[in-house]
Peer 1: 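Would you mind keeping the following structure in view while I ask a few things?
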Amino acid sequence: MNSNFLQTPIVYLKGVGPNRAELLRTELGIESFQDLLQHYPNRYLDKTQYYKIAQLKDSGADVQILGKIIHLKTVEQKRGKRLVATFKDETGQMELVWFRSQKWIRENLKLNEPYVVFGRVNKYGSIFSMPHPEMELQKVHQAGLKISMQPIYPSTEKLANSGITNRIVSKLVQQLFIETKNQFPETLSLVLLEELKLISKSEALFNIHFPKNQELLAKAQFRLKFEELFYVQLQLLNKKAVRKQKIKGLAFDQVGASFNQFFKNHLPFELTNAQKRVIKEIRNDLGSSAQMNRLLQGDVGSGKTIVALMCMLLAIDNNYQACLMAPTEILANQHYNGLKELLGEMDITIEILTGSVKKSVRKGIHERLENGELNILVGTHALLEDKVQFQNLGLAVIDEQHRFGVAQRSKLWQKNEVPPHILVMTATPIPRTLAMSLYGDLDISVIDELPPGRKPIKTVHRYDANRLKVFQFIKDEIRKGRQVYIVYPLIQESEALDYKDLMDGYESIARDFPLPDYQISIVHGKMKPADKDYEMERFVKGETQIMVATTVIEVGVNVPNASVMIIESAERFGLSQLHQLRGRVGRGAEQSFCILMTSHKLSSDAKTRLETMVRTNDGFEIAEVDLKLRGPGDLMGTQQSGLLNLKIADIVKDNQILKSARYYAIQVLKDDPKMAKPENIGIRQAYINLSKDKAIWGYIS
Ligand code: ADP
Ligand code: MG
């Protein structure tokens with residue numbers, strides 16, 4: 001069987017005409033034989049087991065029932081008529097219903113003979129009903145029990161209504177196995193098959209669709225999951241290797257005056273061991289002549305900024321410029337001010353470029369950037385504009401990367417003839433498993449330690465009914481000189497309502513915390529940037545004690561004196577967002593608090609989120625829970641990567657297989673980087689087919 005055969009359009013499969021082909025394409029994305037082959041069942045029905053009518057639930061699930069038809073009638077309805085059979089087993093009765101082919105069915109159905117019916121049940125009033133059941137006389141069913149597990153395929157309402165039932169899909173797959181004689185090219189090497197005790201590709205494919213028994217099903221699943229993850233890893237690793245070889249990087253081979261001077265005279269604190277380790281990792285990268293593409297993960301407050309600065313100093317020491325891009329103006333400003341303060345009297349020129357920088361000023365910045373006068377440019381995506389030309393950009397740091405898309409990152413690449421080194425910083429911890437899949441072609445550094453002396457933030461969950469007590473607590477803290485954030489959700493779909501909540505909340509806070517004792521700032525997305533900055537500044541300077549805001553403050557803002565974070569309607573926030581928000585406090589020496597306010601009505605997921613927040617401050621642990629709750633599809637970056645459109649493996653549940661797949665992918669490439677050895681021919685071919693098959697790989701700069 002040659003693998004090109006599998007690319008045959010599905011319309012050429014016996015049993016598929018143009019109509020079905022179109023439905024399969026639009027409803028399931030099945031276009032070729034290959035796609036159908038990989039349309040794996042999502043569960044299996046034990047054909048030897050029957051559901052009892054008395055146990056039926058209104059779940060819309062497919063069930064198999066053994067019983068007899070005791071009565072058949074035609075019912076007139078508004079449009080046409082329907083044929084209704086009363087179907088009975090020893091526990092009760094239900095209805096089988098037909099809207100089409102009634103004549104044929106009426107003539108062929110046998111009353112009072114045991115039938116096995118299969119299909120989806122709905123409940124109408126107190127009666128369960130199964131429209132267009134698949135049915136067989138029990139004796140036929142029994143005779144045909146070569147396989148006891150029937151595949152149940154993912155389907156859609158429209159497909160089922162168009163007569164492409166589960167049985168039809170199953171038949172089509174059978175037809176495919178007939179036409180291919182169940183001979184599929186092996187896609188893994190013998191070495192791997194033997195070492196991992198994997199069954200062959202053909203055997204796996206057959207048993208995933210038509211399992212002979214539980215054991216073979218498990219083996220088939222394992223083999224196919226492994227294979228899927230193995231190729232994902234192979235692709236990522238290969239990409240990384242190619243990048244390292246092919247793309248010449250700028251070698252920062254000297255550690256010079258700026259870095260050393262800063263280290264000796266300007267470090268405001270002792271670096272944590274994690275910071276030291278990460279700086280060393282980055283220095284090694286920058287010193288080699290390969291282009292660096294590194295993801296720096298560190299929980300909120302772990303001190304990524306100073307790491308970024310020291311890397312930028314390395315660039316400057318090697319006569320290159322550096323830039324730092326942040327997702328919002330507030331953050332860019334904060335970085336700019338923070339960096340300037342850290343640099344002190346050092347002879348480093350630094351500027352900020354955002355959307356609100358005046359044209360005249362902007363022009364000057366463009367010039368100084370181009371003639372190399374400027375060392376560091378901080379900014380928002382304004383940095384990406386074509387007008388912004390560096391003399392020699394050596395390092396681009398991107399903060400809070402999930403706010404930027406791939407296209408934007410690749411723009412940065414093109415800011416220099418030889419691509420600059422890229423350091424992407426993120427405070428949203430990505431579970432290792434996901435990072436391996438998503439960013440397998442990036443190098444990853446992790447700051448897994450907070451600066452010393454931080455008191456863990458105390459987090460509590462309070463119901464709205466306790467608001468008075470919470471307000472009293474806020475007053476006590478403010479009396480001690482602290483500042484407080486009060487955050488309201490803002491979700492695009494319900495924006496108008498959310499703004500109303502925010503303004504109502506603001507008014508009630510203004511009543512409870514009256515002038516002149518209390519000063520309140522308010523910041524939200526509908527304000528002009530200048531007004532936002534003004535309000536923000538007042539809070540940063542300590543002129544206001546309370547900051548009422550939407551999630552615009554989520555990212556990066558640093559006000560060490562703010563020690564209380566109140567999150568309103570906390571049940572509406574996702575876990576990572578809650579964690580980000582909480583990270584706004586706990587930055588000073590004082591004990592900090594996070595209070596999650598909710599109503600009494602909580603979904604079970606919301607309860608898990610709140611409990612997790614109360615239990616732990618560990619961003620990685622939180623990320624793991626988040627991943628379990630939401631699945632990888634919702635997490636940052638995964639939509640655009642397309643990488644997680646896995647057919648059978650599950651990043652979360654198949655964590656162990658993923659690790660093993662990565663391990664073996666590394667081994668194969670280490671031993672045979674070009675996959676050219678005879679034993680790797682199958683791998684190489686599959687790899688090439690995958691690469692041209694789906695354009696899912698070019699997702700990362
Ligand atoms: P994030 O990783 O969230 O960007 P920042 O870089 O903003 O964190 O650092 C958070 C705070 O911790 C800043 O006020 C910073 O000055 C301080 N900080 C960073 N590293 C250390 C350290 N090694 N010791 C003490 N304080 C530190
Ligand atoms: Mg930061």
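Counting convention: from 1, in listed order, for ligands and their atoms alike. Residue numbers start at 1 and run along the sequence shown.
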Peer 1: For ligand 1, which atoms have a heavy atom of Leu271 less than 4.0 angstrom away?
Peer 2: 23 (N)
Peer 1: Under a 3.5 Å threshold, yes or no: a donor from one side chain and an acceptor from the other, between Asn337 and Glu341?
Peer 2: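 No.
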Peer 1: Between His579 and Asp299, is any side-chain donor less than 3.5 angstrom from a side-chain acceptor?
Peer 2: yes
Peer 1: Could a heavy atom of Arg454 be found less than 4.0 Å from some atom of ligand 1?
Peer 2: yes
Peer 1: Pro452 to ligand 1: N or O pair under 3.5 Å?
Peer 2: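 No; the residue has no nitrogen or oxygen that sits under 3.5 Å from a nitrogen or oxygen of the ligand.
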Peer 1: Heavy-atom count check: over 12 atoms from other residues, nucleotides or ligands less than 6.0 Å from Asn265 CG?
Peer 2: yes
Peer 1: Could you establish whether Glu270 and ligand 1 come within less than 4.0 Å of each other, counting only heavy atoms on the residue side?
Peer 2: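 Judged by the 4.0 Å heavy-atom criterion, Glu270 does count as contacting ligand 1.
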Peer 1: Please tabulate, one pair per line, all N/O donor-acceptor pairs under 3.5 Å involving side-chain atoms of residues 382-397, not counting sequence neighbours.
Peer 2:
residue: Gln389; atom: NE2; partner: Asp386; partner atom: O; Å: 2.9
residue: Asn392; atom: ND2; partner: Asn319; partner atom: O; Å: 2.7

Peer 1: Using a 6.0 Å cut-off, check whether atom NZ of Lys458 has over 12 heavy atoms from anything other than its own residue.
Peer 2: no
Peer 1: Thr305 heavy atoms, cut-off 4.0 Å: which ligand 1 atoms fall inside?
Peer 2: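 Those qualifying, in numeric order: 4 (O), 5 (P), 6 (O), 7 (O).
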Peer 1: Counting each atom of ligand 1 from 1 as listed, which ones have a heavy atom of Ser302 under 4.0 Å away?
Peer 2: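 Here the atoms of ligand 1 in question are 2 (O), 8 (O).
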Peer 1: Quick check, are the ring centers of Tyr488 and Tyr506 under 6.0 angstrom apart?
Peer 2: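 Aromatic pair excluded; centres sit 6.0 Å or further apart.
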Peer 1: Under 3.5 Å between any N/O of Gly298 and any N/O of ligand 1: does that happen in this structure?
Peer 2: no
Peer 1: List ligand 1 atoms under 4.0 Å from Thr272, heavy atoms only on the residue side.
Peer 2: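 Atoms satisfying the 4.0 Å criterion: 23 (N).
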